[in-house]
Student: 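Starting off with a structure, shown below.
Order of listing sets the numbers, starting from 1, for every ligand and every atom in it. Heavy atoms only: backbone and side chains are in, while hydrogens, waters and symmetry mates are out.
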Amino acid sequence: MNKEKLFKERVDDFWVYPKLTKIVDKRDFNDDFFSFLQVAKENNNRTNLYIHIPFCDSGCVFCPYYKIICTRNNKLINEYVDYLLEELEKYSKTKYIKTTKIESIHFGGGNPLLLSKFNFKKIIEFIKDNFYLKENVSWTLEASMNSITDQVMIDLLELGFSRISLGIQTFNEKIRKDMGIKTTIDDINRCINIFKKYQFKEYCFDLMYNMPNQTMDDWLNDLEKADQLDPYHIDLYNLAIFPNTILDEKIKKSDNLIVNPSNSNQILMYENAQKWLFNKGYKQLTTNTFSKSQEKIHIGDQTYLDNGDVLGIGASSRGFINKKAYKNVCDINTYMRELNKDNFPADLCRNVTELEDMERKMVFFPIKLMILKKDVPEKIYDDIFEFLIQEKIIKEQNDRYILTQRGTVWSGNIALMFISENNWKLYIKSFLNSLKEKTNPYNEDYMGTKYGK
Ligand code: SF4
């Protein structure tokens, strides 16, 4: 790839590598891919446990995640939890997982707070009884703010959760409405009051920039309002618009959504947010995480970004264990059917090569803003590092390379330099295939498209 050309257009960070695609990574549910789990763990990779709760009561038009829109009372939730336990049990009985120490456990979604306390308890007790957990293992979750009540807060504290990530996105009412975000500003304020009442400090906000109709003033106003609510940290996300999605169509057709998100706009918004946050005393922990009080990257993110392992559970979860990458099926019925047949419910898998594993580490390093020199493979990437230093995108600092201020803007592009030609071609091929099949490229399914169910 032409190095100079790579830095013309900003690309988003790569949080998944290698990307598994239906084009080449399909598996038979009853193959022997997971037989590697019958051998005890011999590496010293640290491991996270991720559990996907695919139920949500919002309908954000930008959302590509696999989910079923429903309320807390939906009977399917209880049924799904039983299948989650079955999947957890399948892993917990293997020699590999018995010898794996779990550093961090995260419930993502969807909105995990659609689960009752009873269901959470069942899952948590099962994990405590059947997995080898690090002392003081971290329990975290994502949640919609409309689900937080006094009772829910009391339950979460009793269950041992110490951190909650909340998708605020914006405080602008009109944009919230356009984006189909269900929670209201009143929900946000009520929720923060509850956190304060129970002295729960580790609540983190996701904010989104480069949204249609969002001006720079709106964006800086969002940061100001977020800061006033004392978040533990703020994560900044560029709005990703996938082809074929309802949002994509809405933007193309609508006269009301007048500002089409653009590359130059997103760069400016990111840079201005950085400046604003630094002025307010925030420290940058990763390319998208800023905090006044958090000293270092959370153990879950650190483990993941250091190319650690992830045991992914639940429909649509991605896993990476001992250089074996897999992705669970994005359909709850197939997920349950395959567990009924005693199969691991992953429809995609890949034996990751040594080269891909090394690339994975390099692809993630820009997100951490640094890499230790000892972790950079000798010789292979010398010319890339030389180029990045010359362009003042990274610089040397004692035992490490760190991203410069300019480098933090271009972290996704830095990552791109470490992606092999073969894997990059696959990214493009899977993207083009999604265009042809009219699917959402994120999961290669119909989620968030007008063709979806
Ligand atoms: S972004 Fe979050 S809250 Fe919105 S629909 Fe998706 S999972 Fe639900």
Side-chain angles (χ1 to χ4, degrees), residues 12 15-16 50-74 76-77 80 84 106-115 140-149 152 163-188 190-191 203-212 214 222 226 231 234-242 244-251 261 288 312-318 328 330-332 335 439-450 452-453:
D12 289 331
W15 278 85
V16 175
Y50 173 82
I51 300 173
H52 191 73
I53 307 297
F55 302 102
C56 190
D57 49 356
S58 190
C60 313
V61 289
F62 50 80
C63 176
Y65 307 123
Y66 176 66
K67 74 224 163 264
I68 292 163
I69 304 294
C70 64
T71 61
R72 228 173 171 218
N73 306 325
N74 193 306
L76 195 54
I77 299 179
Y80 179 73
L84 277 183
H106 184 73
F107 289 77
N111 174 13
L113 285 188
L114 293 187
L115 256 56
T140 61
L141 82 162
E142 290 156 23
S144 285
M145 298 177 103
N146 58 334
S147 304
I148 307 268
T149 60
V152 167
R163 176 174 294 200
I164 302 181
S165 299
L166 306 151
I168 288 193
Q169 322 307 359
T170 176
F171 291 89
N172 182 306
E173 299 267 20
K174 165 85 173 64
I175 300 177
R176 292 179 74 80
K177 196 161 165 254
D178 284 341
M179 294 294 112
I181 300 170
K182 191 183 167 198
T183 51
T184 62
I185 302 296
D186 282 348
D187 288 330
I188 296 174
R190 192 184 40 76
C191 176
Y203 52 91
C204 310
F205 295 163
D206 291 349
L207 291 184
M208 204 172 257
Y209 59 99
N210 207 25
M211 289 194 277
Q214 188 184 34
D222 282 345
I234 301 177
D235 278 331
L236 310 181
Y237 292 100
N238 169 48
L239 171 67
I241 302 167
F242 295 97
N244 296 330
T245 57
I246 296 166
L247 175 60
D248 185 41
E249 285 223 346
K250 204 171 164 180
I251 290 176
N288 62 325
I313 300 287
S316 82
S317 279
R318 290 175 164 87
N328 277 357
C330 283
D331 172 64
I332 196 166
Y335 172 78
T439 56
N440 186 331
Y442 180 73
N443 273 331
E444 298 176 305
D445 65 359
Y446 292 102
M447 203 43 62
T449 72
K450 68 175 181 182
K453 292 158 209 158

Student: Under 3.5 Å, is there a donor-acceptor pair between the Arg176 and Thr184 side chains?
Tutor: no

Student: Can you list the residues that meet the side-chain hydrogen bond (donor to acceptor under 3.5 Å, both in side chains) rule with Thr170, with sequence neighbours excluded?
Tutor: Asp222

Student: Could you work out, with ring-ring contact (aromatic ring centres under 6.0 Å, His included) as the rule, every residue matching Phe107, not counting sequence neighbours?
Tutor: Phe120, Phe161

Student: Does the protein place any heavy atom closer than 4.0 Å to atom 2 (Fe) of ligand 1?
Tutor: no

Student: If you draw a sphere of radius 2.8 Å around atom 8 (Fe) of ligand 1, how many protein N/O/S atoms end up strictly inside it?
Tutor: 1

Student: Would you call the rings of Phe55 and Tyr80 parallel, tilted or perpendicular if under 30° counts as parallel and over 60° as perpendicular?
Tutor: perpendicular

Student: Could you check whether any side-chain N or O of Tyr237 sits under 3.5 Å from a backbone N or O of Gln169, counting only pairs where one atom can act as donor and the other as acceptor?
Tutor: no

Student: List in chain and number order the residues that pass side-chain hydrogen bond (donor to acceptor under 3.5 Å, both in side chains) with Ser147, two or more places apart in sequence or in another chain; answer none if no residue qualifies.
Tutor: Asn111

